[in-house]
Amino acid sequence: MNEQQTYHVAVVGATGAVGQTMLETLEKRQFPVGKLTLLSSERSAGKKRIYNNETYEVQVATPEAFEGVDIALFSAGGSVSKKLAKEAVKRGAVVIDNTSAFRMDQDVPLVVPEVNPDALKDHQGIIANPNCSTIQMVAALKPIQEKFGLKRVIVSTYQAVSGAGTEAIEEMKEQSAAVLEGKTPSASVLPAGGDKRHFPIAFNAIPQIDLFQDNGYTFEEMKMINETKKILQDESLSVAATCVRLPIESGHAESVYFETEADRVGASEVQNLLRDADGVTLQDDPASQEYPMPAMAAGKNDVFVGRIRKDLNVDNGIHMWVVADNLLKGAALNSVQIAEKMIELGLMKSK
Ligand code: NAP
Ligand code: 3JN
């Protein structure tokens, strides 16, 4: 990275769960921020946020707010990205978008830097950050696909409430306190803000993340299916997903079953591959009860993999357990790593 060059960075959705983690990540990784602009809706305009010991006032996100911005990190929902991302690009910014607004667009690279960094070279101003559940799964699957080929993936997720934003975290805490006091918890956020019915997440598991689609899968499940094929560049890969919300604050977990093209791949071969994989930490020793868990992955950068074992019936089938901090590798960290990779590859225009 060129130490001399600094960038004007805008964080759109700076007051949200992902936006706040963006700020912490930029600071922690000493990203070369020359100027910082924090944007939100009118609700939070005027609020203060601290970055590198300096106080910044949050402003309303408008097209004009992107004048002079080099890198715009968007995490304020798809409708905001649809309205403002192209306005930012028009004003010379590179947009790294955390929403699903552009992920499946052909001219928008969908990038996990350890998996498909070369896709960045084709960017037209907008780069999409995949869904959190997709990111951690493809980080673990990519080395397997490269070495043994992949035919099929079946995933079940165990997702933390922080994936649904700050209101969902608050709701889980209030519900938990209510239940412990013997009261009936009320629900107004989960499973999906835009749906008709809401259910308590405290002491519960909800098999719905985002809205149901006509095919019986939820949007979260379809995002995992379609994004995985795009990132792994294999439209013929067979992918199925079931996404479930659990009362965990941070860290998504996934039970991933996959079938390789190659026959007779051993669990130890997969372990050896993932031990050396970029951005992956292997935690796999049943004898000493070593396996990843969300509580231990929270606050960490890597994707953690364990419980790797052969299927008992399908010769080329293998199971594994994949855990990552959904707000870090699943969102903010991956976005900042995309920006770092853009700089490393010489893809950021210098002014
Ligand atoms: P959140 O905690 O609810 O925060 C939402 C943020 O968006 C707040 O800063 C909010 O500002 C801002 N915002 C809302 N409406 C706006 C508008 N009209 N104009 C400008 N800013 C607006 O949600 P979150 O968990 O941070 O998630 C935000 C978005 O990030 C999600 O909708 C999703 O698209 C994306 N996301 C992606 C992943 C992933 O898998 N990669 C994971 C989680 C979230 P106010 O404070 O003014 O309301
Ligand atoms: O629920 C989760 O754990 C992850 C949620 C991600 C999310 C939430 C609201 C809107 C997304 C996303 O990034 O896929 C979106 C979106 O579609 O933009």
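Start at 1 and go down the list; that is how both ligands and their atoms are numbered.
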Any atoms of ligand 2 less than 4.0 Å from a non-hydrogen atom of [X]? List them with their elements.
{"X": "Asn98", "value": "13 (O)"}
{"X": "Gln159", "value": "1 (O), 2 (C), 3 (O)"}
{"X": "Cys132", "value": "3 (O), 4 (C)"}
{"X": "Thr99", "value": "18 (O)"}
{"X": "Glu220", "value": "2 (C), 4 (C)"}

Any idea which protein heavy atom is nearest [atom], and the distance to it?
{"atom": "atom 15 (N) of ligand 1", "value": "Arg43 NH2, 3.4 Å"}
{"atom": "atom 1 (O) of ligand 2", "value": "Arg245 NH2, 2.7 Å"}
{"atom": "atom 18 (O) of ligand 2", "value": "Ser100 N, 2.9 Å"}
{"atom": "atom 15 (C) of ligand 2", "value": "Lys223 NZ, 3.5 Å"}
{"atom": "atom 23 (O) of ligand 1", "value": "Gly165 CA, 3.9 Å"}
{"atom": "atom 9 (O) of ligand 1", "value": "Thr15 OG1, 2.6 Å"}
{"atom": "atom 26 (O) of ligand 1", "value": "Val18 N, 2.9 Å"}
{"atom": "atom 13 (N) of ligand 1", "value": "Ala76 CB, 3.8 Å"}
{"atom": "atom 13 (O) of ligand 2", "value": "Arg103 NH2, 2.6 Å"}
{"atom": "atom 28 (C) of ligand 1", "value": "Ser75 O, 3.2 Å"}

Tell me which part of [X] gets within contact of ligand 1: side chain, backbone, both or neither, using heavy atoms under 4.0 Å.
{"X": "Asn129", "result": "side chain"}
{"X": "Asn98", "result": "both"}
{"X": "Pro130", "result": "backbone"}

For [atom], which of the options [options] provides the nearest non-hydrogen atom?
{"atom": "atom 47 (O) of ligand 1", "options": "Gly330, Ser41, Gly19", "result": "Ser41"}
{"atom": "atom 8 (C) of ligand 2", "options": "Gly163, Ser75, Pro130", "result": "Gly163"}
{"atom": "atom 18 (N) of ligand 1", "options": "Val189, Val58, Val80", "result": "Val80"}
{"atom": "atom 34 (O) of ligand 1", "options": "Ile135, Thr99, Ile169", "result": "Thr99"}

Item to complete: Answer side chain, backbone, both or neither: which part of Met224 comes under 4.0 Å from ligand 2, heavy atoms only.
Response: neither
Worksheet item: What do we get for Ala331 next to ligand 2 when only non-hydrogen atoms under 4.0 Å count, side chain, backbone, both or neither?
Response: neither
Worksheet entry | Tyr51 and Phe31 aromatic centres sub-6.0 Å | no
Worksheet entry | Shortest non-hydrogen contact between Ile248 and Met172, atoms and distance | N-SD, 3.9 Å
Item to complete: List the steps, then state whether side-chain contact (heavy atoms from CB on, under 4.5 Å) holds for Ile126 with Asp105.
Response: CA-CA 10 Å; Ile126 301 178; Asp105 288 12; over 6 Å; no
Response to the item:
Which of Leu282, Asp284, Val305 passes side-chain contact (heavy atoms from CB on, under 4.5 Å) with Met320? It is Val305
Fill in: Heavy atoms of other groups near Glu27 CD, more than 12 under 6.0 Å
yes
Fill in: Geometric N/O contact Asp210 with ligand 2, under 3.5 angstrom
no
Discussion item. Donor-acceptor check, side chain of Glu171 to backbone of Ser188, threshold 3.5 angstrom: yes or no?
Written reply: yes
Practice prompt. Among Phe304, Tyr257, Tyr158, Tyr291, find the residue that satisfies the ring pair (Phe, Tyr, Trp, His ring centres under 6.0 Å) test when tested with Trp321.
Written response: Tyr158
Practice prompt. Take Gln124 and Asp107, measure what side-chain hydrogen bond (donor to acceptor under 3.5 Å, both in side chains) needs, and give me the verdict at the end.
Written response: CA-CA 7 Å; Gln124 313 278 315; Asp107 58 353; over 6 Å; no
Discussion item. If you measure every N or O of Gly16 against every N or O of ligand 1, does any of those distances drop under 3.5 Å?
Written reply: yes
Discussion item. Measuring from non-hydrogen atoms of Ile209 to any atom of ligand 2, is the shortest distance under 4.0 Å?
Written reply: yes
Worksheet item: Considering the options Asp97, Thr25, Thr21, Asn98, which one meets the side chain to side chain donor-acceptor pair (under 3.5 Å) requirement together with Ser335?
Response: Asn98
Worksheet entry | Salt bridge present between Lys230 and Glu227 (N-O < 4.0 angstrom) | no
Discussion item. Could you check whether Arg245 pairs with Glu220 (Lys NZ or Arg NE/NH1/NH2 to Asp/Glu carboxylate O, under 4.0 Å)?
Written reply: no
Worksheet item: From Ile231 CD1 over to Gln145 CD, what is the distance, rounded to the nearest 0.5 angstrom?
Response: 11.0 Å
